[in-house]
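Only one structure is covered here, and it is reproduced in the block below.
Every number for a ligand or one of its atoms is a count from 1 in the order of the listing. These values consider heavy atoms only, across backbone and side chains, with no hydrogens, waters or symmetry-generated copies.
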Amino acid sequence: MDKKVLKNLSYGVYVVTSSYNKKNAGCTLNSVMQITSNPITIAISINHDNNTNKIISYSNLFAISILKETSDPKIIGEFGFKTSKDTNKFKNVEYKLIENIPIILDSCGYIICKVIDKLETNSHTIFIGEVIKADGFTSDKPMTYKYYQEKLKGLTSKNAPTYQKEEQINEKSNNKKRRWKCKICGYVYEADELPKDFICPICGQPHTEFYEVTN
Ligand code: FE
């Protein structure tokens with residue numbers, strides 16, 4: 001099987017949030033798709049290990065904030081490569097509560113769904129939701145997954161439904177510059193030196209969390 005073919009499937013970049021008993025949860029997600037138009041229903045796929053999965057199961061509500069190309073990439077890092085066990089993901093992100101669910105403001109807009117069904121797989125829950133509210137903030141271009149990978153040089157979290165192990169292996173660069181890779185999110189920085197004040201643009205880690213790629 002040539003798993004590389006799967007990389008031709010197209011996705012967007014979203015933050016899926018939920019809230020239960022005033023506990024907010026959220027994670028970056030690429031697997032969001034509309035499945036019917038009347039009523040409007042949407043399916044999302046979330047790893048069992050994500051706290052957001054648990055909170056959606058309790059609240060039966062989830063919101064999708066649609067990131068735009070100009071959204072701060074740190075949002076992807078905060079919600080995609082950190083766990084709410086040791087960090088408050090909402091601390092440095094602007095949001096407002098709609099239907100008591102936090103909505104990311106630096107986005108194209110949001111869609112709120114009520115869970116009407118779910119399906120368990122080995123690793124992920126597929127939640128099917130009926131749209132109960134939706135609104136746009138801007139007509140800026142939504143961020144596609146390709147844009148995230150190619151322009152922002154972001155990698156796929158191990159919890160993502162589309163994760164492939166091989167992706168984490170660096171392709172050889174023709175470029176003579178040295179390369180450092182973030183241990184947390186996989187972002188690669190190319191330069192002659194890694195500056196001491198360098199901060200990962202995706203996940204916010206300091207230069208000490210980078211290692212030099214030698215292949
Ligand atoms: Fe990083």
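- In this structure, CZ in F127 is found 11.5 Å from CG in L61, a value given to the nearest 0.5 Å.
- Although no hydrogens or angles enter the test, the distance criterion places no donor-acceptor pair under 3.5 Å between the side chain of S65 and the main chain of I103.
- Within the protein, the N, O or S atoms sitting under 2.8 Å from the Fe ion (ligand 1) are C182 SG, C185 SG, C200 SG, C203 SG.
- Grouped with Y58 in one hydrophobic cluster are Y20, I55, the linkage being side-chain heavy-atom contacts under 4.5 Å among Ile, Leu, Val, Met, Phe, Trp and Tyr residues.
- Within the model, atoms CD of E94 and CG of D106 stand 8.0 Å from one another, a figure rounded to the nearest 0.5 Å.
- Aromatic rings of Y189 and F210 (six-membered ring for Trp) have centroids beyond the 6.0 Å cut-off, not under it.
- In this structure, Y14 has its ring center at least 6.0 angstrom away from the ring center of Y110.
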